[in-house]
Amino acid sequence: NLVIKYINPDDICHIIEMASSLGCTEVRLLKLINHGRAENYWSDIGLTEQEYCEFVLKNVNIYKNIKVTASSCSDILPCRPFRDAQGCQAGSKLAYVTFEGNVFPCACTKNNELYKIGKIDDIIRLKQYFMRKKTVNEIAICKI
């Protein structure tokens, strides 16, 4: 994973090339979020949404020996390159589980309790309950 900041786009290209030469099969580009310590330095290190997406589009398909994927550009590029992926995959083809066992639709939502789906143990127990009752199709359960 490589975080794209205003001050490092050229370095990212060199790091991708180095990762490829070391035999890595994939590099994932991540957008810096205006949160935490980054918030204090945003005017120096932050990229606009447009700048980030332009960098991603320029770099995602130019490398021959390494796959480059990116997050946070789901309107122009699937966040996770699943077969037939279109738009955001959060909650339908992926979920993010924190080390505390909290489940979120994706890593981008992990800091907002409004998006919390539940605890992994509770979700597993709920799914098992409905599987025993043979009514699992009657409710919507996030595919994990």
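By convention here, the first residue in the shown sequence is residue 1. Worth knowing before you read on, the calculation uses all heavy atoms, side chains too, and leaves out hydrogens, waters and symmetry mates.
Between the side chains of Thr48 and Gln50, not a single donor N or O lies within less than 3.5 Å of an accepting N or O.
The side-chain heavy atoms of Ile16 and Leu2, taken from C-beta on, include a pair separated by under 4.5 Å. Between Asn112 and Phe104 the shortest side-chain heavy-atom distance does not fall below 4.5 Å. In this structure, the side chains of Leu47 and Phe55 stay at 4.5 Å or more apart for every pair of heavy atoms. Between Thr69 and Leu29, every side-chain heavy-atom pair lies at or beyond the 4.5 Å cut-off.
No continuous path of hydrophobic side-chain contacts links Ile33 to Leu30 [ILVMFWY only; heavy atoms under 4.5 Å].
Here Ile62 contributes atom CD1 and Cys13 contributes atom SG; the two are 6.0 Å apart, rounded to the nearest 0.5 Å.
For Lys58, the NZ atom counts as loosely surrounded, since its 6.0 Å shell holds 12 or fewer non-hydrogen atoms of other residues, nucleotides or ligands. Heavy atoms from other residues, nucleotides or ligands lying under 6.0 Å from NZ of Lys5 number 12 at most.
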Test side-chain contact (heavy atoms from CB on, under 4.5 Å) on Ile4 and Lys31; report intermediate values, then the result.
CA-CA 6 Å; Ile4 311 300; Lys31 182 175 75 172; over 6 Å; no
Determine whether Thr25 and Ile66 satisfy the following criterion, side-chain contact (heavy atoms from CB on, under 4.5 Å), listing intermediate values before the conclusion.
CA-CA 5 Å; Thr25 58; Ile66 191 166; 5.8 Å; no
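Considering all non-hydrogen atoms of both residues, Pro105 and Ile117 come closest at N-CD1, 3.8 Å. Residues Val68 and Tyr63 approach most closely at CG2-CD1, 3.7 Å, considering heavy atoms. Closest approach of Lys119 to Val103, counting heavy atoms only: C-CG2, 4.2 Å. Counting all heavy atoms, side chain and backbone alike, Glu39 lies closest to Asn34 at CA-OD1, 3.2 Å.
Glu54 places no side-chain N or O within donor-acceptor distance of the main-chain N or O of Glu51, the cut-off being under 3.5 Å. Proximity of a side-chain donor or acceptor of Ser21 to a complementary backbone N or O of Met18 within less than 3.5 Å is detected.
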